[in-house]
Amino acid sequence: MKLAVIIATFGRKEELAHLLEHLERQERLPDEVVVSAPDETHVPVYETPKFPISTVLGRRGLCAQRNQALDQVLERFDVITFFDDDFIPEDNYLRLVDRAFQEHEDWAVVMGHVVKDGARTAGLSWAEGLQVLAAERSKMPAKPKIVDHVGAYGCNMSIRMKFIGKLRFDERLVLYGWQEDIDFTSQLRRFGRVIGLSTLHGVHLGLKIGRVSGERFGYSQIINPIYLIRKGSVPASFALPLMGRNLAANLVRSLWPEPYIDRRGRLRGNLIALAHLLKGRIEPEYIHKIAA
C-alpha cells in the first residue's frame, strides 16, 4: 500500500521544518511528502530526507492548497494522509494508518485521537507538544476504540484515495477554510465509514500565527455552517449546534476575553454574518472584504 502525506502550510516555516524532521521517526515512512504553499518563502530548505519531498506552489488558502497537492498525487497512491503543519504524530502513526486501511476495506476515512489540542488554549510550542506526546505514550490503549463520525478533523486525517475521484475541497471556503474538513470527508461516507481511531495519537499545537483575523474567523463561524447545510454535505444536527456554541462562547467571553483569542473580533464577525443571513446572503468569500 502506497501512502503519501500532504501538508498545506502558510507562514510557519520553522514549524514545518520541525514536522518534516519529526516524520523521519515514523516506524512506517511515507512514500512521499507533498508540501503545498503559496510560494517558496513559506518552505524551509530541507536536505537529505529519508523520504521523497515534493513542493507545489502558487495558491493561497487551505482548500486551494490541499487541492493543488491532491492533483499531484492522484492515481499514484492508495492512501493520503493530511497533517496540519503544527501537528505532531506519534511515531507509529503511519504504520497504524497503513494497517487500518489494509484490514478494513469498508473504511473510507480514518482520523486519530488528538491527545491535546492547543487550538483550544494559547497554543503549544514544539517542545511542549513533544512532552505531551511522551507523557501520553504509556496511556496508549491496547485495544483500539473505533467511533464513527460525521466527518474528520483536518489536522490529522487519512483517506482511501480511490474514493476521492473528482471530489475536491470547496474553494468557496476561502483562506483558513473552517469546516472544510467536515465538508470534504462527510461526502465520502457514501463509499465507506469515517472512523476515529483511539490508538492513533498526536498533538495539535494550535499555533496562532498564520491564521485569519478574529473578525474574519467569526464571520466564517456562522456563514460556513449554513452554507454547508444548504450544500447538503453537512447535517443541520451537526452544524447548527456548532454554530450556536461558538456564538454563545464569543458573546459571553467577549466580556472577559482570553488574551490569546480575539473574542470581540469574532463576535463582530458573528454579528455581520447574522445580518447577512437575515438578508439571505450566504457568501463565505465575503471574508476577503473584512480587514485582515
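A quick note: this is a predicted structure, and the numbers were derived from the prediction, not measured.
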**Prompt:** Between the side chain of Thr185 and the main-chain N/O of Ala152, is any donor-acceptor distance below 3.5 Å?
**Reply:** yes
**Request:** State plainly whether the residues Arg264 and Glu215 are in salt-bridge range, i.e. N to O under 4.0 Å.
**Result:** no
**Message:** Just checking Tyr93 against Phe83, ring centres under 6.0 Å apart?
**Reply:** yes
**Asked** Can you list the steps and then say if Leu207 with Glu15 is a side chain to side chain contact (heavy atoms under 4.5 Å, CB included)?
**Response** CA-CA 9 Å; Leu207 301 176; Glu15 289 72 25; 3.1 Å; yes
**Item:** Main-chain N/O of Gly218 paired to Asn270 side chain as donor or acceptor, under 3.5 Å
**Value:** yes
**Complete:** Sequence neighbours excluded, the answer for salt bridge (charged side-chain N to carboxylate O under 4.0 Å, His left out) partners of Asp91 is Arg25
**Request:** Would you check if Gln68 and Gln72 make a side-chain contact, meaning some heavy-atom pair closer than 4.5 Å?
**Result:** no
**Message:** Walk me through whether Arg253 and Glu258 qualify under side chain to side chain contact (heavy atoms under 4.5 Å, CB included).
**Reply:** CA-CA 8 Å; Arg253 294 178 183 175; Glu258 307 94 324; 3.3 Å; yes
**Request:** Considering non-hydrogen atoms only, spot the tightest contact between Ala249 and Arg263 and give its length.
**Result:** CB-NH1, 3.8 Å
**Prompt:** Is there side-chain contact between Ile223 and Leu277, with at least one heavy-atom pair below 4.5 Å?
**Reply:** yes
**Asked** For the side chain to side chain contact (heavy atoms under 4.5 Å, CB included) test, which of Val73, Val34, Val5 pairs with Ile80?
**Response** Val73
**Request:** Give a yes or no answer on whether the side chain of Asp262 reaches the backbone of Gly265 with a donor-acceptor pair at less than 3.5 Å.
**Result:** yes
**Prompt:** Is Pro49 close to Glu24 at the side-chain level, that is, under 4.5 Å between some pair of heavy atoms?
**Reply:** yes
**Request:** Please determine which of Ser233, Pro284, Ser186 meets the side chain to side chain contact (heavy atoms under 4.5 Å, CB included) test together with Leu228.
**Result:** Ser233
**Prompt:** Is there a side-chain contact between Met243 and Gln221, using heavy atoms and a 4.5 Å cut-off?
**Reply:** no
**Message:** Suppose clustering is done on Ile, Leu, Val, Met, Phe, Trp and Tyr with side-chain heavy atoms closer than 4.5 Å. Which residues sit in the same group as Val147?
**Reply:** none
**Item:** Validation row: Arg76, Glu32 side chains within 4.5 angstrom (heavy atoms)
**Value:** yes
**Asked** Taking only residues two or more places apart in sequence, or in another chain, which ones meet Tyr227 in a ring pair (Phe, Tyr, Trp, His ring centres under 6.0 Å)?
**Response** none
**Prompt:** What class does the angle between the rings of Phe217 and Tyr176 fall in, given that below 30° is parallel, 30 to 60° is tilted and above 60° is perpendicular?
**Reply:** perpendicular
**Prompt:** Counting only heavy atoms not in Arg281, do more than 12 sit closer than 6.0 Å to its CZ atom?
**Reply:** yes
**Any donor-acceptor pair under 3.5 Å from Gln65 side chain to Leu62 backbone** = no
**Asked** Does a side-chain N-to-carboxylate-O contact under 4.0 Å join Asp170 and Lys231?
**Response** yes
**Asked** Do any N or O atoms from the side chain of Asp78 and from the backbone of Lys2 form a donor-acceptor pair under 3.5 angstrom?
**Response** yes
**Message:** When you compare the side chain of Thr55 with that of Leu57, does any pair of heavy atoms fall below 4.5 Å?
**Reply:** yes
**Asked** Quick check: does any side chain N or O of Asp31 sit under 3.5 Å from a backbone N or O of Leu3, one acting as donor and the other as acceptor?
**Response** yes
**Message:** What I want to find out is whether Arg189 reaches Asp148 closely enough, with some N-O distance under 4.0 Å, to be called a salt bridge.
**Reply:** no
**Asked** Does the pair Val35 and Val33 meet the rule for a side chain to side chain contact (heavy atoms under 4.5 Å, CB included), with working shown?
**Response** CA-CA 6 Å; Val35 175; Val33 172; 4.3 Å; yes
**Request:** Return each pair, listed once, that meets side-chain hydrogen bond (donor to acceptor under 3.5 Å, both in side chains) where at least one residue sits in residues 100-114; pairs must be two or more places apart or across chains.
**Result:** Asp98-Gln102
**Prompt:** Is there a side-chain contact between Ser220 and Ile287 (heavy atoms, below 4.5 Å)?
**Reply:** yes
**Lys/Arg N to Asp/Glu carboxylate O, Asp84 vs Arg66, below 4.0 Å** = yes
**Message:** Just checking Glu40: does its CD atom have more than 12 heavy atoms from other residues, nucleotides or ligands closer to it than 6.0 angstrom?
**Reply:** no
**Request:** Please find out if less than 6.0 Å separates the ring center of Phe169 from that of Phe82.
**Result:** yes
**Prompt:** Are any side-chain N or O atoms of Arg59 and backbone N or O atoms of Val56, one a donor and one an acceptor, separated by less than 3.5 Å?
**Reply:** no
**Fill in**
Across all chains, not counting sequence neighbours, the ring pair (Phe, Tyr, Trp, His ring centres under 6.0 Å) partners of Trp126 are His18, His22
**Message:** Is it the case that the side chain of Arg28 and the backbone of Asn92 share a donor-acceptor pair, with hydrogens and angles ignored and the cut-off at 3.5 Å?
**Reply:** no
**Message:** Would Leu19 and Ile88 count as a side chain to side chain contact (heavy atoms under 4.5 Å, CB included) here? Give the steps.
**Reply:** CA-CA 7 Å; Leu19 176 55; Ile88 309 178; 6.0 Å; no
**Request:** Output all residues satisfying ring pair (Phe, Tyr, Trp, His ring centres under 6.0 Å) with Tyr286, sequence neighbours left out; order by chain, then residue number.
**Result:** Tyr219, His276
**Message:** Can you see whether Asn224 engages Glu180 through a side-chain donor-acceptor pair at a distance of less than 3.5 angstrom?
**Reply:** no
**Request:** Check whether any side-chain heavy atom of Arg12 sits under 4.5 Å from a side-chain heavy atom of Asp86, and report yes or no.
**Result:** yes
